[in-house]
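Just so we're on the same page: letters track the sequence lines, and every chain starts at 1.
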Number of protein chains: 2
Amino acid sequence: MKLNTKSRYAVMALADMAIFSDKKAVSLRDISLRQGISLLYLEQIFLRLKKNKIVNSVRGINGGYTFVKSPKELKISDILLALDQKVKTIGCKKDSKKSCNGKSTKCITHNFWDELDLHINSFFENKRLSDLLKNKEVRL
Amino acid sequence: MKLNTKSRYAVMALADMAIFSDKKAVSLRDISLRQGISLLYLEQIFLRLKKNKIVNSVRGINGGYTFVKSPKELKISDILLALDQKVKTIGCKKDSKKSCNGKSTKCITHNFWDELDLHINSFFENKRLSDLLKNKEVRL
DNA sequence: CAAAAACTTGACTATTTTGGTCGGGTATAT
DNA sequence: ATATACCCGACCAAAATAGTCAAGTTTTTG
Ligand code: FES
Ligand code: FES
């Protein structure tokens with residue numbers, strides 16, 4: 001069970017943005033340099049963040065990205081959702097009658113995985129982006 | 001973020017074993033038939049469970065597998081550990097000084113992932129195999 | 001206006017991981 | 001003996017991951 005880099009980078013990049021959000025817009029080039037993430041990869045990630053209304057873009061020479069919601073309101077679960085990174089621990093389709101092994105009743109572990117799912121997602125639901133920045137001095 | 005089938009099958013197979021643990025040893029063939037998991041795949045999984053002292057094997061014609069610890073004592077975390085399925089949410093090496101992006105200080109999201117890690121693992125630590133079987137009627 | 005900075009978008013790809021299978025064993029109860 | 005069941009390493013196809021590339025468009029500033 002592993003988190004992929006896309007989600008990790010997304011959270012990292014947005015946290016970086018939050019730190020430097022005094023500026024009007026934060027450019028991907030700056031984030032890339034500060035956080036050591038490939039610019040091209042960031043572009044791909046922010047495309048999705050934009051489509052999912054996590055950020056706004058400002059084009060042109062002093063452009064970059066700004067937050068739609070403030071970091072204080074932005075839930076981590078929103079970010080993960082934007083990247084299709086919902087946690088998926090059950091083997092069956094959520095609303096299907098079929099079980100993960102093709103039988104007609106839910107398997108003996110179904111409820112357990114479901115519980116796990118809830119446990120993890122509630123963590124993401126209750127964390128805001130601003131929570132990550134507490135006790136953090138700003139680094140250049 | 002997804003759980004792999006190996007862990008899911010392992011938990012499922014062991015839960016099946018727990019249900020039928022009145023028998024001396026439970027054969028993989030039986031588990032395979034009851035749970036719809038490939039026999040060959042189960043063999044691979046139980047090899048690791050055995051190496052990690054989750055189960056004992058009994059060879060020969062009425063052979064199969066038995067529990068080392070009883071399902072009441074067996075933690076889910078033990079099972080996942082046996083399959084190298086520790087949850088890994090941080091991008092850096094746990095004890096390395098290096099950060100996930102190659103810099104010398106831990107990245108701004110490091111603490112967050114670490115916290116997540118703890119949150120998930122405590123779930124597995126606090127669940128016993130026998131907990132999965134509550135409110136479950138035995139199915140053939 | 002021209003040029004540079006920065007976002008936009010779809011397609012493409014190498015590598016790794018996953019989810020198994022195969023084949024050829026060995027041990028043991030009947 | 002022989003059937004049943006565990007043992008174990010090697011192998012493999014398909015999917016996912018982690019990025020890259022190319023070819024734009026938009027806006028600011030000199
Ligand atoms: S996980 Fe839902 S039926 Fe097995
Ligand atoms: S996750 Fe540990 S340094 Fe980034």
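- By the 30° and 60° cut-offs, the orientation of the rings of A/Y9 relative to A/Y41 is perpendicular.
- Taking atom CD on B/E43 and atom C1' on C/dG19, their separation rounds to 15 Å, with Å as the unit.
- Rounded to whole Å, atom P of C/dG20 lies 9 Å from atom CD1 of B/I45.
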Produce a footprint string for nucleotides 14-19 of chain D: one letter per nucleotide, 5' end first; B if the base is under 4.0 Å from any protein heavy atom, S if only the sugar-phosphate is, - if neither. ----BB
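- Straight-line distance from the CD1 atom of A/I61 to the C1' atom of D/dT29: 6 Å, rounded to whole Å.
- Checking each of A/L74, A/T66, A/L14 against A/V55 for a side-chain contact (heavy atoms from CB on, under 4.5 Å) leaves exactly one that passes, namely A/L14.
- Here the C1' atom of nucleotide C/dA27 and the CG atom of B/N62 are 13 Å apart, to the nearest Å.
- The OH atom of A/Y65 sits 10.5 Å away from the CG atom of A/N56 when rounded to the nearest 0.5 Å.
- The cationic group of B/R8 does not satisfy the cation-pi geometry with A/F112, failing either the under 6.0 Å distance to the six-membered ring centre or the 45° limit from the ring axis.
- Between the side chain of B/R59 and the base of D/dT4 there is no donor-acceptor pair of N/O atoms closer than 3.5 Å.
- In this structure, B/L49 atom CG and D/dC7 atom P are separated by 11 Å, rounded to whole Å.
- For the pair A/D131 and A/K72, the salt-bridge criterion is not met [side-chain N within less than 4.0 Å of a carboxylate O].
- Nucleotides of DNA chain C nearest to B/V58 and B/L39 differ in position, and the one nearer the 5' end is that of B/L39.
- To the nearest angstrom, C1' of C/dA27 lies 11 Å from NZ of B/K50.
- The distance between atom CG of B/L47 and atom C1' of D/dG9, rounded to the nearest whole Å, is 10 Å.
- Under the 3.5 Å distance criterion, with hydrogens and angles disregarded, no donor-acceptor pair is assigned to the side chains of A/S99 and A/K106.
- DNA chain D is contacted by both B/K51 and B/G60; B/G60 maps to the nucleotide lying nearer its 5′ end (nearest heavy atom per residue).
- Phosphate proximity of D/dA5 to B/S57: absent, as no side-chain N or O sits under 4.0 Å from OP1 or OP2.
- Counting heavy atoms from C-beta outward, A/L129 and A/F67 have side chains that approach closer than 4.5 Å.
- Residue contacts for A/Y65: at a heavy-atom cut-off of 4.0 Å it reaches the sugar-phosphate backbone alone, with no base atom in range.
- One interatomic measurement links the two molecules: CZ of A/R48 to C1' of C/dG10, which rounds to 13 Å at whole-angstrom precision.
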